[in-house]
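The next block holds one structure in the form of structure tokens; read it before the comments.
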Amino acid sequence: MYKSIIIGTGPAGLTAAIYLARANMQPLVIEGLQPGGQLTTTTEIENFPGFPEGIMGPELMDNMRKQAERFGAEFKSGWVEQVDFSERPFKVKVEGMGELEAESIIISTGASARYLGIPGEQDNVGRGVSTCATCDGFFFRNKKIVVVGGGDSAMEEASFLTRFATNVTVVNRREELRASKIMQDRAKDNPKISWALNRKPVEVVAGDMGVKGLKVLNNETGQEELIEADGVFVAIGHTPNTDFLKGHVHLDGHGYVLVTPGTTETNIPGVFACGDVQDTRYRQAITAAGSGCMAAMDCEKYLEGHMIHDWSEALDK
Ligand code: NDP
């Protein structure tokens with residue numbers, strides 16, 4: 001039995017952990033398959049306040065985790081299989097750990113990289129297809145790379161991958177890019193980046209020796225073309241990690257957790273959500289961290305009047 005269980009360890013969950021631990025709530029933090037969340041798959045973060053020279057994503061997350069541990073947050077690794085929020089204490093079933101109980105829950109499971117769903121893609125994940133430039137870019141030294149997508153992620157990945165590749169081609173299904181102007185300009189100024197706009201990915205073409213390229217449909221000519229490449233990096237956005245919450249807490253049509261605007265409260269009193277799992281608009285490390293702070297404060301306030309367990313004995317120990 002815990003006062004609070006935090007599910008997910010991106011900037012939202014870890015900030016909530018820092019705040020709850022400092023408030024003497026001894027939260028249990030459950031780390032899933034990607035401890036530290038999406039920022040551990042990114043390179044340098046230039047816009048997180050307090051780091052004028054920038055900081056590497058994994059280092060920032062490691063620092064946040066250490067900060068939470070310093071104040072008494074407990075960490076366990078495991079995959080949350082099931083939840084029961086029908087009555088308190090809430091129940092969280094974790095693979096290999098059984099059922100845990102808590103007076104309150106903070107959901108901060110973030111979002112995961114999306115795939116194109118085209119032939120050849122899944123068969124070649126780890127063999128030339130990737131969603132993480134930081135993780136896999138190194139393997140494409142002096143090779144040709146295709147990056148799919150037109151958002152900030154695609155621009156960032158393409159720019160980063162030019163450190164390794166001889167050439168990076170950005171494939172976007174429309175003529176216009178969705179990315180912010182500053183990120184677009186940076187990529188457009190990079191002589192190693194070429195552009196295949198208005199082209200829809202059709203198939204990842206691979207042979208025995210790995211990926212050969214990406215087949216695309218040229219929307220203008222109606223013809224298929226093969227863009228030769230040794231690696232295909234897919235950067236087309238994310239899906240919220242909420243499968244385990246379906247039917248237990250209100251979600252929107254895309255699967256994001258619905259919260260009362262201006263708060264982190266879900267439809268279940270005592271269950272809070274923060275970070276990308278409930279944010280379809282800002283999705284930044286700093287906004288995730290900010291909402292993690294909000295969740296911890298909302299949670300603390302809620303527990304002030306709603307403790308069902310007598311914690312005095314536990315505190316005396
Ligand atoms: P976005 O949703 O912004 O962009 C997704 C891109 O993928 C779009 O160009 C979209 O095309 C394309 N796409 C989606 N589905 C498909 C498909 N099936 N086939 C082909 N193309 C597809 O996602 P991002 O991950 O780029 O960014 C998410 C958020 O994170 C944004 O708010 C962004 O600003 C932020 N971010 C900020 C960074 C920074 O500031 N350093 C770095 C990375 C992300 P279309 O436009 O046609 O829909």
Side-chain angles (χ1 to χ4, degrees), residues 10-12 34 37-49 51 53-61 110-122 129-135 137 146-161 168-188 190 193 195-204 214-220 224-225 227 229 232-241 252-256 275-291:
Q34 194 178 60
Q38 283 180 67
L39 284 191
T40 57
T41 67
T42 186
T43 47
E44 194 164 343
I45 299 166
E46 293 177 333
N47 52 9
F48 200 91
F51 300 94
E53 306 303 326
I55 182 166
M56 298 306 278
E59 189 186 351
L60 179 64
M61 299 322 297
S112 292
R114 226 182 262 155
Y115 284 93
L116 293 159
I118 57 173
E121 185 185 44
Q122 285 304 316
V129 173
S130 171
T131 56
C132 175
T134 330
C135 320
V146 161
V147 171
V148 183
D152 283 341
S153 296
M155 300 304 110
E156 192 177 65
E157 304 253 302
S159 299
F160 174 72
L161 287 167
V168 176
T169 305
V170 175
V171 172
N172 189 38
R173 64 181 174 185
R174 293 187 295 136
E175 191 67 37
E176 301 78 31
L177 298 168
R178 186 184 286 271
S180 57
K181 190 171 179 311
I182 183 170
M183 304 281 278
Q184 280 192 40
D185 288 349
R186 198 174 291 173
K188 283 179 179 162
N190 190 322
I193 297 181
W195 303 86
L197 305 179
N198 213 357
R199 284 164 172 84
K200 184 175 176 273
V202 177
E203 182 187 348
V204 175
L214 181 70
K215 199 185 278 178
V216 294
L217 176 71
N218 183 326
N219 294 329
E220 272 168 38
E224 285 190 351
E225 301 164 355
I227 302 174
V232 174
F233 283 76
V234 181
I236 59 166
H238 295 85
T239 306
N241 297 318
D252 74 5
H254 298 285
Y256 286 86
D276 285 11
V277 78
Q278 53 82 56
D279 180 6
T280 55
R281 183 163 179 176
Y282 300 104
R283 298 186 286 198
Q284 299 299 298
I286 188 66
T287 51
S291 75

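When a ligand or atom number is given, it counts from 1 through the structure's own listing order. Keep in mind that what you see is a predicted model, and the values were worked out from it rather than measured.
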Please state which protein non-hydrogen atom is closest to [atom] and give its distance, to 0.1 Å?
atom	result
atom 46 (O) of ligand 1	R174 NH2, 2.7 Å
atom 7 (O) of ligand 1	I236 CA, 3.2 Å
atom 39 (C) of ligand 1	M183 CE, 4.1 Å
atom 40 (O) of ligand 1	N47 ND2, 3.6 Å
atom 31 (C) of ligand 1	R283 NH2, 4.3 Å
atom 19 (N) of ligand 1	L116 CD2, 3.4 Å
atom 23 (O) of ligand 1	G237 CA, 3.6 Å
atom 3 (O) of ligand 1	R178 CD, 3.4 Å

For ligand 1, which atoms have a heavy atom of [X] less than 4.0 angstrom away?
X	value
G150	6 (C), 8 (C), 9 (O)
E156	41 (N), 42 (C)
H238	25 (O)
N172	9 (O)

* Check the surroundings of atom CZ in F51: do more than 12 heavy atoms from other residues, nucleotides or ligands lie under 6.0 Å from it? =>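 Enclosed: over 12 neighbouring heavy atoms sit under 6.0 Å from CZ of F51.
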* Taking only residues two or more places apart in sequence or in another chain, which ones pass side-chain hydrogen bond (donor to acceptor under 3.5 Å, both in side chains) with S153? ->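 S153: no side-chain hydrogen bond (donor to acceptor under 3.5 Å, both in side chains) contacts found.
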* side-chain hydrogen bond (donor to acceptor under 3.5 Å, both in side chains) partners of R174, counting only residues at least two apart ->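 Residues passing side-chain hydrogen bond (donor to acceptor under 3.5 Å, both in side chains) with R174: none at all.
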For the [atom1] atom of [X] and the [atom2] atom of [Y], what is their distance to the nearest 0.5 Å?
X	Y	atom1	atom2	answer
L116	R173	CG	CZ	9.0 Å
M155	N172	CE	CG	7.0 Å
N218	R199	CG	CZ	4.0 Å

* Quick one: which of I45, D152, V216 has a heavy atom closest to atom 34 (O) of ligand 1? ->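 Looking at heavy atoms only, D152 sits closest to atom 34 (O) of ligand 1.
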* To do: With atom 10 (C) of ligand 1 as the reference point, say which of E157, R173, R114 has the nearest heavy atom.
  =>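 Minimum heavy-atom distance to atom 10 (C) of ligand 1 goes to R173.
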What I'd like to find out is whether the side chain of [X] reaches to under 4.5 Å of the side chain of [Y], using heavy atoms alone.
X	Y	answer
V148	E121	no
N47	I286	no
V277	N241	no
D252	T280	yes

* To do: Determine whether the side chain, the backbone, both or neither of Q284 has a heavy atom under 4.0 Å from any heavy atom of ligand 1.
  =>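 Side chain only; the backbone of Q284 stays clear of ligand 1.
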